[in-house]
There are 2 protein chains.
Amino acid sequence: MTQGSSKNATIIEVARRAGVSSATAGRVLGDYGYSSPEVREKVRAAAAALGYRPNRLAKGLITGKTQTIGVVVGDIESPFYASVLRGIGDVARRGGFGVIVTNSDENADLEREAVQLLLEKQVDGLIVSSTFVDEPDHLREAVAARCPVVQFDRIVAGLETDSVVVDNVSVTRNSIAAMIAAGHSRIGILAELGPGHRDDVGSFVANVDLSSFDVRYHHPSWQRLLGYLEAHRAAGIDPDLRLIRRVAVYSSEAARKEALDLLTMRNMPSALFTADGVMSTGVLEATSALKLAIPGDVSLLCFDDLDWMQFVAQGITAIAQPAHLIGAAAAELLLKRLAEATLPFEHRVLAAQIVERNSIAVHGQL
Amino acid sequence: MTQGSSKNATIIEVARRAGVSSATAGRVLGDYGYSSPEVREKVRAAAAALGYRPNRLAKGLITGKTQTIGVVVGDIESPFYASVLRGIGDVARRGGFGVIVTNSDENADLEREAVQLLLEKQVDGLIVSSTFVDEPDHLREAVAARCPVVQFDRIVAGLETDSVVVDNVSVTRNSIAAMIAAGHSRIGILAELGPGHRDDVGSFVANVDLSSFDVRYHHPSWQRLLGYLEAHRAAGIDPDLRLIRRVAVYSSEAARKEALDLLTMRNMPSALFTADGVMSTGVLEATSALKLAIPGDVSLLCFDDLDWMQFVAQGITAIAQPAHLIGAAAAELLLKRLAEATLPFEHRVLAAQIVERNSIAVHGQL
DNA sequence: CTGAAAGCGCTTACAG
DNA sequence: CTGAAAGCGCTTACAG
C-alpha cells in the first residue's frame with residue numbers, strides 16, 4: 001500500500017503518477033470541484049500507492065482556515081479545566097477540528113503570549129477563560145484578526161463575544177438559603193476572590209447592597225459570594241464579615257489554614273461553604289485535624305468540579321459544575337460562529353447541580 | 001501602535017513601508033541572516049505600525065518545522081493524563097512549542113485517526129500513550145515521515161523510540177512485600193488488566209512463573225500484577241487466584257462491585273491493593289457500605305495519580321505516580337531528539353513514591 | 001549587508 | 001470535466 005519512502009509524496013507526484021494535472025489531483029483528493037469517476041479512481045490509486053498524506057499547512061495557507069481551535073485555560077491539571085477540555089475536544093473532533101491547548105497559570109502575561117502564539121498559528125477560533133476580567137486588548141486583537149472568541153467561566157468587561165457561564169449566583173443563593181432554613185445562622189465562607197477582580201471584600205460587601213450591582217464581569221468566586229450575601233439578606237441576617245474568608249489562591253493548604261481559624265474562633269460557624277473543590281480538600285483536613293464530625297459538629301457545602309462524588313459520600317452537600325458541558329457548549333458556539341459569522345452573540349448560562357447524599361444519581365447527567 | 005485593519009499585514013507590506021525588499025524584512029523579523037542596525041530599526045518600526053503578526057503556516061511550509069508537538073492520550077479528563085499534559089505543556093512552552101492534544105478513548109481506531117490528523121498538521125514530533133501494545137503500524141508511519149515519537153506509560157512491542165515509564169513492577173513488589181511483612185497473607189488485588197494486552201489472567205499468572213517473562217510491553221496494570229506476584233513468591237506464598245480481580249475498565253463502579261465481592265467472600269482478604277486511583281474510589285465506597293474500618297478491618301494500598309493525598313489522609317498507603325515528571329521527561333526527550341536526530345534512543349524509568357500517613361511531605365516533590 | 005527569483009504544497013479562478 | 005497559471009506568506013540560496 002504505502003511506500004516506505006521517507007519524504008512524503010506531494011500532490012504533484014500523485015498527479016504525475018496518475019497522468020493528470022496537479023489541479024485535477026487536488027480536486028479529487030481535496031474533494032472539491034468536478035472530476036470524472038475514472039479520474040478519481042486513477043488519482044486515488046496513485047495516492048494510495050505513494051502513501052500520500054495531505055499537508056494541512058499548505059491548505060491552510062491558501063484557504064485561510066486551519067481547522068484548529070486554540071484554547072487558553074488556567075491550568076490543564078485542574079479537574080475543572082481538564083473536564084472543560086474534554087468537552088471541547090469531543091465537539092471539535094466531531095467537527096473535524098484539532099485543539100491547541102495552552103496554560104495561562106492565571107497570569108496575564110502568559111495569557112497574552114498564548115493568545116499571540118495561537119493567532120500566529122492561525123487558529124480558526126479561540127476559547128478562553130481569561131484571567132483578568134478588565135483586560136480585553138489581547139482578545140480584541142484576535143477578534144480584529146477575524147478570529148472569533150468564545151469566553152467561558154468568566155466574562156471580560158467590554159468584550160462582546162459568545163460566552164458560556166454557570167449560574168453561580170442563583171445556585172449559591174439557593175444552597176445557602178437551604179442551609180439557613182435548616183437552622184444555620186452563622187455560615188462561614190471560604191472563597192478564592194482573586195486575582196480576577198481587584199475589589200477588596202469589604203467594599204464588595206458594601207457595594208453589593210445596591211441592588212443594581214453587576215457581577216457579570218466578576219470571577220465565579222465573587223459571584224458565589226454574592227449568592228451567599230443575597231441569601232443572608234433575604235433571610236434578614238446581617239452577615240458577619242469575619243465569616244467571609246478570602247483565600248486568594250487556589251490552594252488547599254491556604255484553605256486549610258483559613259478553615260482552622262474559622263473553626264476555632266469564638267462563636268464558630270455551624271456550617272462552612274467552600275466556593276471551590278480544591279479548597280474543600282483543605283477544609284476536610286482541618287475538620288479531620290479538629291476531629292469534627294460532618295455533618296454533626298459542622299455542616300459543609302462545597303462548590304466543586306469533578307470530585308464531588310466523594311465529597312457527597314462523606315456527607316457533604318456539593319454543587320457540581322457541568323464542566324464537560326461548558327466545554328462542549330463553548331466549542332459548539334465557536335463552530336456555529338465559524339460557519340456563520342453574522343449571528344448575534346450568544347450567552348449561555350448553564351445550571352449547576354446541587355448534589356446531596358440521596359441524589360447521587362444525578363451523576364449520570366454530568 | 002497597531003492598526004485596526006481587519007486583514008493582517010504581510011511581510012511584503014512591512015517591507016514596502018520600510019522601503020526594503022521582502023527578503024530583508026524577513027531577515028529582520030524572522031531573526032535570521034544579516035541585517036544592518038538601521039534597516040532593523042526601520043523594519044521593526046514598520047512592522048509595529050502595521051501590527052504585523054508572522055504567519056507560522058507559511059514559515060512551517062517552507063522550513064518543514066511547525067514548532068508544534070502532537071500528543072495522544074487516553075482521556076484528558078483523567079488526573080493522570082491531565083497531569084502528564086501539564087508537564088508536557090510546561091516544557092513545550094519553554095522550548096517555544098505549541099501542543100495539540102487528542103483523546104484516543106483507549107480506542108485503536110480513534111488513536112490511528114488522531115495520529116493521522118497530527119501528521120497532516122505537520123507536527124514536529126509525537127508523544128503518545130498507545131492503547132494497544134501490539135499495533136505499531138500507525139506510529140511506524142510517523143517515524144517514517146521523519147516525525148519522532150516518544151512513548152510513555154506503555155511501550156509498543158517492536159517500535160524502537162524514546163520512552164518514559166514508571167517502575168511499576170518494583171514499586172508494587174516492594175509495597176506488597178511490606179504488607180506481607182506486616183502480617184497480611186491474603187491480599188486482594190483489583191487491576192484493570194486490559195485492553196492493552198489480550199492475555200487472560202490465569203495464563204499470565206502461569207507464564208510469569210518463568211523468570212524470563214518480559215512485561216515491558218504490557219500495560220502498567222499487568223506490570224503491577226507482576227510485582228504483586230513476585231512479592232508473594234519471594235515470601236513463599238502461593239497467591240489465591242480468587243483474590244486477583246480483573247476490572248477490565250477504568251471504572252470506580254466496576255471496582256466497587258469487585259471489592260464488595262472480595263470483602264464478603266469466605267476467607268476474605270485482610271488487605272486490598274488497587275492498581276489505579278479511579279478504582280480506589282470504588283473500593284472506598286465498598287468499605288464504607290460494609291462499615292469496615294481502614295486500616296482496622298482491612299488495609300488498603302492504592303496506586304494513584306493525583307488524588308493520593310486524600311487517600312493517605314484516610315489511612316491508605318498510596319503509590320504516587322510522578323505524572324507531571326513523566327510528561328516533562330517525555331517532552332524533554334522529544335525536544336532533544338528534534339535538536340539531534342541521531343542520538344541513541346533513551347528509555348527513562350521514573351520512580352513512583354510510596355506515600356504513607358507519616359510521609360505526606362513527599363507531596364512537594366511531585 | 002541587500003535584493004531578485006525561486007519555491008514550500010496546496011487551491012483558486014479562468015480558459016478551454 | 002480538465003489543465004496552465006497565479007498565488008497564499010513566508011525562507012532560501014545566490015548574485016551583487
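Every heavy atom of this structure was used, including side-chain atoms; hydrogens, water molecules and symmetry mates were not. Lettering of chains follows the sequences in order, A, B, ..., and the numbering in each one begins at 1.
For the strand DNA chain D, secondary-structure stems (runs of at least three Watson-Crick or G-U pairs, all distances below 3.5 Å) span C:1-3 with D:14-16, C:5-12 with D:5-12, C:14-16 with D:1-3.
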**Prompt:** Under the salt bridge (charged side-chain N to carboxylate O under 4.0 Å, His left out) criterion, do D105(B) and R86(A) qualify, and how do the steps go?
**Reply:** CA-CA 11 Å; D105(B) 285 342; R86(A) 178 73 219 209; 2.7 Å; yes
Requested in this report: Determine, step by step, whether R112(A) and E135(A) satisfy the salt bridge (charged side-chain N to carboxylate O under 4.0 Å, His left out) criterion, reporting the C-alpha distance in whole Å, the side-chain angles of both residues, the deciding distance to 0.1 Å, and the verdict.
Outcome: CA-CA 10 Å; R112(A) 272 187 290 265; E135(A) 297 189 358; 3.0 Å; yes
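For T63(B) and dC8(C), the shortest distance from a side-chain N or O to OP1 or OP2 is not below 4.0 Å. The phosphate of dT12(C) (OP1 or OP2) has no side-chain N or O of Y32(A) nearer than 4.0 angstrom. For the pair Y34(B) and dG3(C), the criterion of a side-chain N or O lying under 4.0 Å from OP1 or OP2 is not met. Side-chain N/O atoms of T24(A) include one lying less than 4.0 angstrom from OP1 or OP2 on dG3(D). Side-chain N/O atoms of S21(B) include one lying less than 4.0 angstrom from OP1 or OP2 on dG3(C).
The side chain to side chain contact (heavy atoms under 4.5 Å, CB included) with H347(B) is formed by just one residue from the set D162(B), V164(B), I155(B); it is I155(B).
Which of dC10(C), dC8(D), dT11(D) sits closest to the side chain of T10(A) comes down to dC10(C). Relative to the side chain of N55(B), the nucleotides dA13(C), dG9(D), dC10(C) differ in distance, and dG9(D) lies closest. Comparing dA5(D), dC10(C), dC1(D) by their nearest atom to the side chain of A23(A) picks out dA5(D). Side-chain proximity of A58(A) to the nucleotides dC10(C), dG9(D), dC1(D) is greatest for dC10(C).
Spacing between atom CD1 of I11(A) and atom P of dT12(C) amounts to 11 Å, rounded to whole angstrom units. When rounded to the nearest whole Å, the span between CZ of R16(B) and P of dG3(C) equals 14 Å. A straight line from NZ of K42(B) to P of dC1(C) spans 15 Å, rounded to a whole angstrom. One can place CD of Q122(A) at 11 Å from C1' of dC8(D), the figure rounded to the nearest angstrom. K59(A) has its NZ atom 18 Å from the P atom of dG9(D), to the nearest Å. A straight line from OH of Y52(B) to C1' of dG9(D) spans 8 Å, rounded to a whole angstrom. To the nearest angstrom, C1' of dC1(C) lies 10 Å from CZ of R40(B). The nearest whole Å value for the distance from the CZ atom in R27(B) to the C1' atom in dT11(D) is 10 Å.
A salt bridge is defined here as a Lys NZ or Arg NE, NH1 or NH2 lying under 4.0 Å from an Asp or Glu carboxylate O, and E160(A) with R140(A) fails to meet this definition.
Although no hydrogens or angles enter the test, the distance criterion places no donor-acceptor pair under 3.5 Å between the side chain of R154(B) and the main chain of V128(B). Not a single donor-acceptor pair under 3.5 Å links the side chain of S83(A) to the backbone N or O of E77(B).
Aromatic ring orientation, F152(A) versus F80(A): tilted (interplanar angle from 30° to 60°).
Within 6.0 Å of atom NZ in K59(A), 12 or fewer heavy atoms from other residues, nucleotides or ligands are found, so the atom counts as exposed in its surroundings.
Remark on DNA chain C: of its neighbouring residues L61(B) and S22(B), the 5'-side contact belongs to S22(B), judged by nearest-heavy-atom nucleotide.
Note on R56(A): nothing from the nucleic acid sits closer than 4.0 angstrom, heavy atoms only.
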